[in-house]
Amino acid sequence: MADKTIYLDFEEPIYKLDTKIQELKSCCDDKLAKDFNKEIANLEKKTQKLLEETYTKLTPWQKVCVARHANRPHSIDYINALIENFMPLAGDKLFGEDEAIVGGLGFFNGQAVMVIGQEKGHDLESRIRHGFGMPKPEGYRKAKRLMELANHFNIPIISLVDTAGAFPGIEGEERGQAEAIASCIMEGFKMEVPYIAVVIGEGGSGGAIALATANRILMLEHSIYSVISPEGCASILWRDGSAVKKAATALHLTAQDLHKFGVVDEIIREPLGGAHRFRDETVKHAGDVIWKHLTELKKLSPADLAKDREEKFLAMSRIA
Amino acid sequence: MNWLLDYVRPKLSVAKTEKDVPDNLWDKCPQCDAMIYGQELAKNLYVCPHCGYHMYLRPRKRFRMLFDDEEYSYLEAPKVKEDPLNFKDTKDYRSKLKSAREKTKFDDAFVAAFGKMGGHGVVIGVMNFNFIGGSMGLAVGEGIVQAAQFAVERKVPLILVTASGGARMQEGILSLMQMARTTLAVKQLKDNHLPYIAVLTNPTTGGVSASFAMLGDITIAEPDALIAFAGARVIKETIKADLPAGFQKAEYLKKHGMVDMIVNRHDLREKLITLLNLLGNTYTKGE
């Protein structure tokens with residue numbers, strides 16, 4: 001993960017304050033320390049206020065930027081922090097291994113779980129290795145295989161959604177990207193174990209819903225989930241790639257919007273300033289919320305779990 | 001099954017026979033540019049008599065072509081929330097819906113009918129590409145769910161004829177959810193061991209291809225149909241290279257193991273009936 005804080009465009013005032021605080025802290029000599037400390041405390045208060053002002057009213061487009069922030073905790077970070085004895089499992093046993101999807105068995109608070117997550121990587125080398133978090137058909141077929149495995153041994157499934165979308169390319173098309181996604185959606189409905197999907201960053205269209213036909217759909221406070229990227233929507237409907245802000249607003253892609261539509265069951269709060277500033281705290285809190293839902297779902301019988309999922313999706317988008 | 005409890009039975013209405021008045025006396029084949037007399041084209045099921053190109057076939061014509069004696073009843077279109085996002089781009093979505101309805105005389109991009117094929121009762125659903133590119137929103141998703149439920153209730157097979165650019169983005173996340181809901185619809189057929197046959201026509205892309213279209217027990221494609229997940233333009237921009245000849249066409253998909261057969265429109269009804277005969281002729285275990 002990147003050590004240096006990366007500031008988003010709209011965070012410029014925060015960046016300026018942070019830089020000033022750093023300067024004061026680094027040039028501090030003992031004589032001036034007292035005055036400086038007071039000044040630093042003042043500035044820190046200001047930063048806090050600014051963060052609050054910014055992050056309590058992020059625009060949809062700003063949320064898109066936060067959801068894609070390079071420092072945001074990714075699937076591997078959740079696995080490392082929440083899962084003990086993680087045993088990564090590779091391959092679709094048909095064609096290959098796609099590291100855009102990481103998955104495996106491990107203990108979550110003592111309960112064996114199957115974790116299936118989309119992983120974007122955090123630097124150039126790992127981004128390439130993880131295919132920039134855009135799964136190919138073999139990735140989705142691997143996810144499907146892991147779901148089957150979990151179901152076979154009565155192990156709950158936690159999926160972590162974080163993708164710009166399924167990989168668009170020749171290999172993807174010739175190996176049946178559409179079929180792979182469709183089958184993954186279908187597989188989710190067949191599960192007779194608790195299945196919880198968490199959108200941790202970017203929920204990009206069909207590539208995301210493949211891992212989200214779950215009993216519970218949770219979203220991080222500043223994550224997004226959309227039928228199309230704001231860029232794609234802007235270029236198709238506005239015929240203007242720069243209309244991304246308008247498109248982001250029109251698409252209603254924030255966690256808050258989706259909660260209103262009844263698509264998302266619970267929004268997982270992020271510390272003020274976003275998950276990318278407070279990574280450990282975010283992941284830990286997300287773990288608590290996932291655990292709460294898992295505990296509830298474990299009370300349902302296998303047949304009821306499948307029924308619960310079907311009813312949830314059938315009711316979705318119907319007139320009340 | 002429990003999920004049928006809140007099922008609202010779609011009303012059937014008898015399809016009125018309408019006279020086909022070709023919009024233009026002459027049509028031009030988009031592939032070979034040949035000028036074809038409108039009535040000749042209709043008689044040839046909108047397949048170019050010169051080059052064999054399969055042009056778009058509107059739902060009514062598709063139903064008439066497939067059902068026995070051209071007889072069928074429409075399933076009533078489902079009631080869904082209109083314009084759930086209050087969506088507006090350069091034009092507002094409601095006005096797009098209105099003009100699509102005026103143009104096509106259908107409520108939305110999916111219509112289903114019940115009738116017989118080779119004597120078998122069957123539900124056929126057809127996507128209307130002329131209605132906002134056949135895109136899938138609430139109405140299409142719910143239409144497919146109800147068509148599947150109707151088929152399960154009558155214990156008859158389901159045939160879905162696809163033609164769609166993908167999800168209807170003006171309905172945002174709710175259109176994406178239709179990928180899950182239509183998958184669930186065809187799962188009901190599978191759970192009840194009733195055949196679901198997908199007939200993929202030009203074009204079938206995006207969220208429609210990545211859900212129910214690719215989940216048929218049998219998958220048929222019309223010749224030369226574009227069947228894709230990602231758009232060719234997007235792929236080209238991503239890889240910055242030319243695409244192979246025939247990329248994402250029905251023949252390419254068959255070669256890569258994604259469709260069972262490619263069937264000329266003239267043979268489609270007969271092939272479907274044979275399949276229904278075969279899939280319906282199951283033996284009783286132990287006899």
- Item | Minimum-distance pair of heavy atoms, taken over all atoms of B:Phe87 and A:Cys233 | CZ-SG, 4.2 Å
- Message: Heavy-atom cut-off 4.5 Å, strictly under: side chain, backbone, both or neither for A:Arg175 against chain B?
- Response: backbone
- Query: Does the side chain of A:Glu179 reach to within under 4.5 Å of the side chain of B:Phe229, using non-hydrogen atoms?
  - Reply: no
- For atom NZ of A:Lys93, decide whether the heavy atoms of other residues, nucleotides or ligands shown that lie under 6.0 angstrom number more than 12. yes
- Message: If I compare all heavy atoms of B:Ala167 with all of A:Val227, which pair ends up nearest, and what's the gap?
- Response: CB-CG2, 3.4 Å
- Note on the structure: Rounded to the nearest 0.5 Å, the OG atom of A:Ser229 sits from the CE atom of B:Met169 at a distance of 9.5 Å
- Task: Considering non-hydrogen atoms only, spot the tightest contact between A:Pro168 and B:Val234 and give its length.
- Result: CB-CG1, 4.1 Å
- Query: For the atom pair CZ (B:Phe212) and CD1 (A:Ile185), what is the distance rounded to the nearest 0.5 Å?
  - Reply: 11.5 Å
- Quick one: which of B:Met258, B:His256, B:Gln248 gives a side-chain contact (heavy atoms from CB on, under 4.5 Å) with A:Glu174? B:His256
- Heavy-atom neighbours of B:Lys255 NZ exceed 12 at 6.0 Å: no
- Item | Residue selection (most heavy-atom pairs with chain B, distance under 4.5 Å) from A:Phe261, A:Tyr225, A:Phe189, A:Phe313 | A:Phe189
- Query: Between atom CG of A:Leu253 and atom CG of B:Leu176, what is the distance when rounded to the nearest 0.5 Å?
  - Reply: 11.5 Å
- Residue part contacting chain B, namely of A:Ser183, when any heavy atom lies under 4.5 Å: both
- Note on the structure: Answer key: most heavy-atom pairs under 4.5 Å with chain B among A:Ala210, A:Ser205, A:Ser226 is A:Ser205
- One should read off an interatomic distance between B:Thr90 OG1 and A:Asp240 CG, to the nearest 0.5 angstrom, of 10.5 Å
- Does B:Arg181 use its side chain to pair, donor to acceptor, with the backbone of A:Met316 at less than 3.5 Å? yes
- Which one, A:Met186, A:Lys190, A:His252, A:Glu173, leads in non-hydrogen pairs under 4.5 Å with chain B? A:Glu173
- Between chain A and each of B:Leu215, B:Leu243, B:Leu253, count heavy-atom pairs under 4.5 Å; write down the option with the most. B:Leu215
- Under 4.5 Å, counting heavy-atom pairs only, tell me which of B:Gly172, B:Ala210, B:Ala230, B:Gly166 racks up the most with chain A. B:Ala210
- Query: Does any heavy atom of chain B fall under 4.5 Å from the side chain of A:Leu258, the backbone, both, or neither of them?
  - Reply: side chain
- Of the backbone (N, CA, C, O) and the side chain (C-beta and beyond), which part of B:Glu171 lies under 4.5 Å from a heavy atom of chain A, both, or neither? neither
- Query: Quick one: does B:Met214's side chain get under 4.5 Å of A:Ile181's, heavy atoms only?
  - Reply: no
- Query: What pair of heavy atoms forms the shortest contact from B:Thr183 to A:Ala182, and how long is it?
  - Reply: CG2-O, 4.3 Å
- Task: Heavy-atom distances under 4.5 Å only: say whether B:Glu237 touches chain A with side chain, backbone, both or neither.
- Result: neither
- Message: If I take atom CD from residue A:Glu171 and atom CD1 from residue B:Ile239, how far apart are they, to the nearest 0.5 angstrom?
- Response: 7.5 Å
- Message: Is A:Thr213 close to chain B through its backbone or its side chain, or both, or neither, when contacts mean heavy atoms under 4.5 Å?
- Response: side chain
- Measuring heavy-atom distances to chain A, does B:Lys91 have an atom under 4.5 Å in its side chain, in its backbone, in both, or in neither? neither
- A:Leu251 versus chain B, the contacting section by heavy-atom distance below 4.5 Å: both
- Is the number of heavy atoms from other residues, nucleotides or ligands within 6.0 Å of NZ (A:Lys312) greater than 12? yes
- Item | A:Phe132: ring-ring contact (aromatic ring centres under 6.0 Å, His included) partners, not counting sequence neighbours | none
- Should we say atom CZ of B:Arg233 is surrounded by more than 12 heavy atoms from elsewhere, each under 6.0 Å from it? no
- From A:Ile209 atom CD1 to B:Met179 atom CE, the distance as rounded to the nearest 0.5 Å: 6.0 Å
- Task: For atom NZ of B:Lys96, decide whether the heavy atoms of other residues, nucleotides or ligands shown that lie under 6.0 angstrom number more than 12.
- Result: yes
- Message: Any non-hydrogen side-chain atom of B:Ile173 less than 4.5 Å from a side-chain atom of A:Asp257?
- Response: no
- Message: Quick check: under 4.5 Å, non-hydrogen atoms only, which of residues 156-165 of chain B neighbour chain A?
- Response: none
- Message: Quick test of your reading of the model: are A:Glu310 and B:Lys187 salt-bridged, counting only N-O distances below 4.0 Å?
- Response: yes
